[in-house]
Amino acid sequence: MKRKWPIVEVEWEDSKGWPGWTHIEDVLAEASKACSLTQYTVGYLIRRDRRYIVVAGSQADTESSDTANGSMQIPRSAIRSLRILRERE
């Protein structure tokens, strides 16, 4: 099976949220703490456009269709870097 998409490493900035009802003072106190929200994702780059990329963890090549598993859409505004690890074949 040939790889139809390049394998990439994406460094991106995640978001943080608080579930349920929370006092605003608690949210602001927690938000002001220094913490890294940097994430790293490695996978097949199956889509890239000006608004977002889509990375899949696995690909399957069947006779009837292409399929991917574990796909993630990442907004371009959140991406710090995108490095191609291996070109498609």
Side-chain angles (χ1 to χ4, degrees):
M1 175 179 77
K2 290 189 173 189
R3 258 188 333 277
K4 295 187 177 194
W5 305 291
I7 298 174
V8 296
E9 176 189 69
V10 185
E11 178 183 352
W12 56 283
E13 187 74 14
D14 202 355
S15 300
K16 186 175 183 178
W18 294 267
W21 290 97
T22 308
H23 289 284
I24 298 298
E25 305 87 39
D26 295 338
V27 170
L28 296 177
E30 188 67 27
S32 67
K33 293 179 182 176
C35 66
S36 174
L37 298 175
T38 302
Q39 304 293 318
Y40 296 90
T41 299
V42 175
Y44 295 97
L45 180 63
I46 61 174
R47 170 110 181 166
R48 178 180 3 193
D49 70 19
R50 63 180 187 80
R51 296 176 298 135
Y52 63 88
I53 66 169
V54 177
V55 179
S58 302
Q59 81 165 47
D61 185 10
T62 64
E63 291 181 19
S64 60
S65 68
D66 292 331
T67 58
N69 183 46
S71 300
M72 173 184 280
Q73 178 181 1
I74 305 171
R76 287 283 204 159
S77 60
I79 297 172
R80 290 184 171 174
S81 68
L82 187 147
R83 184 168 61 114
I84 295 177
L85 302 177
R86 190 174 289 174
E87 293 288 347
R88 61 189 247 173
E89 294 178 345

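Computed from heavy atoms alone, side chains included, the values below leave out hydrogens, waters and symmetry copies. If you read the sequence from its start, that first residue is 1, and numbering goes on from there.
- Taking OH of Y44 as the start and OG of S71 as the end, the distance is 12.0 Å to the nearest 0.5 Å.
- Residues passing the side-chain hydrogen bond (donor to acceptor under 3.5 Å, both in side chains) test with D49 are R47, sequence neighbours excluded.
- Each salt bridge (Lys or Arg N to Asp or Glu O under 4.0 Å) pair with one or both residues in residues 29-42, not counting sequence neighbours, appears once here: K16-E30, E30-K33.
- Under a 4.5 Å side-chain heavy-atom cut-off, the cluster of Ile, Leu, Val, Met, Phe, Trp and Tyr residues that includes I24 is completed by L28.
- The minimum heavy-atom distance between L37 and S15, with the atom names listed, is CD1-C, 4.4 Å.
- With sequence neighbours left out, the side chain to side chain contact (heavy atoms under 4.5 Å, CB included) criterion links E11 to T38, Y40, R80, S81.
- Expressed to the nearest 0.5 Å, how far CZ of R88 lies from CD1 of I7 amounts to 13.0 Å.
- In this structure, the side-chain hydrogen bond (donor to acceptor under 3.5 Å, both in side chains) partners of R83, at least two apart in sequence or on a different chain, are E9.
- Within the hydrophobic cluster formed by Ile, Leu, Val, Met, Phe, Trp and Tyr side chains joined at under 4.5 Å, directly or through other members, V8 is accompanied by V10, W12, L45, I53, V55, M72, I74, I79, L82, I84.
- Applying the side chain to side chain contact (heavy atoms under 4.5 Å, CB included) test between R76 and each of R50, R48, R51 identifies R48 as the sole match.
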